[in-house]
2 protein chains.
Amino acid sequence: MAVMTRNAPAPAALDEAALDAALKALASAQRREILRFLASRAAESGKTCCTQDEVCACKLSEHLGLVASTVSHHMSVLKDAGLVSARKDGTWVYYSVIRDALAAVAAEINTL
Amino acid sequence: MAVMTRNAPAPAALDEAALDAALKALASAQRREILRFLASRAAESGKTCCTQDEVCACKLSEHLGLVASTVSHHMSVLKDAGLVSARKDGTWVYYSVIRDALAAVAAEINTL
DNA sequence: ACTAAACTTCGACAAGTATCGAACTAAGGA
DNA sequence: TCCTTAGTTCGATACTTGTCGAAGTTTAGT
């Protein structure tokens, strides 16, 4: 489900509030590192909690050296900004980047 | 409007610190409004202090409804981030957008 | 039911940011 | 020289953000 337009035609224009949230979310080195980590799929492959293109919060915690509550905070900022999606499965939460959203932000910057 | 397809060679990759400064600068509605205002050339034309593609600080102050010192603060954030350039002429300072810098930030976001 | 694991929410504190008014600097006139 | 105009710098205050540890929630296993 929800694979949809891989051809990424129109990333859908953002309103000012959405752009603001996205840029505030991106204006943090830790959160950009999270996005890069998700984008790289972290694919140290068959670990217990991560599938091929998703990463669980515990991996992020380990990777960044931050406690779980801090990671949770960053993830909710990214989620609220529409830059990542979360999928819960059992006790784990798998995150992945929403590439179209990043593309939309990039497009908005170019039209500033 | 919009001069469009400039050959946009290579906007030059940003290092992490430059990207951080640029995104922090962009993560403010007031500063984005400043960039839009500069980009539109504000060209209410032949006013006393603004040339065709540049805007003086006093115009920004008026446009945003902020006192001069606050505008000065925002402009130095934008300057330090490399997103605008300033040219002093007499008692006025003319600002203009550095479009390549915005393009570089957009490109970095797309490669996150 | 009890326990453990994986998150999230809450409360607190430190650090950073936005804004103002006041004081300062620089440039052009009268 | 004195005065005015355009901006910058400084100091204060209010707001926002990043981070932690502690407590709460949800899910799975025994």
Side-chain angles (χ1 to χ4, degrees), chain A residues 16-17 19-35 37-38 42 44 47-51 54-81 83-96, chain B residues 16-17 19-35 37-38 42 44 47-51 54-81 83-96:
Chain A
E16 187 62 17
L19 180 62
D20 196 66
L23 286 170
K24 281 180 163 54
L26 289 169
S28 149
Q30 297 277 37
R31 285 193 291 263
R32 288 194 301 279
E33 183 56 32
I34 288 172
L35 293 175
F37 192 57
L38 294 182
E44 300 144 16
K47 289 301 173 54
T48 47
C49 64
C50 300
T51 63
E54 294 172 308
V55 179
C56 67
C58 60
K59 267 291 169 195
L60 288 167
S61 196
E62 177 188 312
H63 179 70
L64 298 165
L66 296 174
V67 301
S69 61
T70 301
V71 171
S72 181
H73 163 68
H74 285 311
M75 296 319 291
S76 76
V77 171
L78 288 167
K79 260 188 299 182
D80 291 351
L83 299 179
V84 306
S85 63
R87 181 175 67 82
K88 189 165 187 185
D89 183 11
T91 62
W92 294 299
V93 179
Y94 299 111
Y95 294 102
S96 50
Chain B
E16 187 62 17
L19 179 61
D20 197 67
L23 285 171
K24 281 181 164 53
L26 289 170
S28 149
Q30 297 276 37
R31 285 193 291 263
R32 288 194 301 280
E33 184 56 34
I34 288 172
L35 292 176
F37 192 59
L38 294 182
E44 300 145 16
K47 290 300 172 55
T48 46
C49 64
C50 300
T51 63
E54 294 172 309
V55 180
C56 67
C58 59
K59 267 290 170 196
L60 289 167
S61 197
E62 177 188 313
H63 178 68
L64 298 165
L66 297 174
V67 301
S69 61
T70 300
V71 171
S72 181
H73 163 67
H74 285 310
M75 296 319 291
S76 76
V77 171
L78 289 167
K79 260 188 298 180
D80 291 351
L83 299 179
V84 306
S85 63
R87 182 176 67 80
K88 187 164 190 187
D89 184 12
T91 63
W92 293 299
V93 178
Y94 297 111
Y95 294 102
S96 50

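FYI, side chains are in, hydrogens and waters are out, and symmetry mates aren't considered; it's all heavy atoms of this structure. By convention in this document, chain letters (A, B, ...) are assigned in the order of the sequence lines, proteins followed by strands, and residues within each chain are numbered from 1.
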Colleague: Mind checking the NE2-CD spacing from His74(B) to Glu33(B)? Nearest 0.5 Å is all I need.
Modeller: 11.5 Å
Colleague: At what distance, to the nearest 0.5 angstrom, does CG of Asp89(B) lie from SG of Cys56(B)?
Modeller: 11.0 Å
Colleague: Measure the distance from CG on Leu60(A) to P on dG18(D) and round it to the nearest whole Å.
Modeller: 16 Å
Colleague: Identify the residue among Leu66(B), Leu78(B), Leu83(B), Val55(B) that makes a side chain to side chain contact (heavy atoms under 4.5 Å, CB included) with Ile34(B).
Modeller: Leu78(B)
Colleague: Under 3.5 Å, which protein N or O atoms sit close to an N or O of nucleotides 17-20 of chain C? Give each pair with its distance.
Modeller:
{"residue": "dA18(C)", "atom": "OP1", "partner": "Arg31(B)", "partner atom": "NH1", "Å": "3.3"}
{"residue": "dA18(C)", "atom": "OP1", "partner": "Arg31(B)", "partner atom": "NH2", "Å": "3.2"}
{"residue": "dA18(C)", "atom": "OP2", "partner": "Arg31(B)", "partner atom": "NH1", "Å": "3.4"}
{"residue": "dA18(C)", "atom": "OP2", "partner": "His73(B)", "partner atom": "NE2", "Å": "3.2"}
{"residue": "dT19(C)", "atom": "OP1", "partner": "Gln30(B)", "partner atom": "NE2", "Å": "3.2"}
{"residue": "dT19(C)", "atom": "OP2", "partner": "His74(B)", "partner atom": "NE2", "Å": "2.3"}
{"residue": "dC20(C)", "atom": "OP2", "partner": "Val67(B)", "partner atom": "N", "Å": "3.4"}
{"residue": "dC20(C)", "atom": "OP2", "partner": "Thr70(B)", "partner atom": "OG1", "Å": "2.8"}

Colleague: What nucleotide, of dA5(C), dC7(C), dG7(D), holds the atom closest to the side chain of Trp92(A)?
Modeller: dC7(C)
Colleague: How many whole angstroms separate atom OH of Tyr94(B) from atom C1' of dG7(D)?
Modeller: 13 Å
Colleague: Calculate, to the nearest 0.5 Å, the distance between atoms CD and CG belonging to Glu16(A) and Leu19(A) respectively.
Modeller: 5.5 Å
Colleague: Using whole Å, report how far CG of Leu64(A) lies from P of dG18(D).
Modeller: 13 Å
Colleague: For Lys88(A) and dA28(D), what is the distance between atoms NZ and C1' respectively, to the nearest whole Å?
Modeller: 11 Å
Colleague: Ignoring hydrogens, what is the shortest heavy-atom contact between Ala86(B) and Val93(B)? Give both atom names and the distance.
Modeller: CB-CG1, 3.9 Å
Colleague: To the nearest 0.5 Å, how far apart are CG in Leu26(B) and NZ in Lys24(A)?
Modeller: 11.0 Å
Colleague: Starting at CG of Leu78(A) and ending at P of dC7(C), how long is that distance when rounded to a whole Å?
Modeller: 16 Å
Colleague: CD of Glu62(A) versus P of dA5(C): gap in Å, rounded?
Modeller: 16 Å
Colleague: Nearest whole Å is fine: how far is dT16(D) P from Asp80(A) CG?
Modeller: 16 Å
Colleague: Base, sugar-phosphate, or nothing for Ala68(B), non-hydrogen atoms under 4.0 angstrom?
Modeller: base
Colleague: From OH of Tyr95(B) over to P of dG7(D), roughly how many Å is that when rounded to an integer?
Modeller: 7 Å
Colleague: Rounded to the nearest 0.5 Å, what separation is found between the CG atom of Leu38(A) and the NE2 atom of His63(A)?
Modeller: 9.5 Å
Colleague: Would you kindly compare Val71(A) and Thr91(B) by the position of their nearest DNA chain D nucleotide and give the one closer to the 5′ end?
Modeller: Thr91(B)
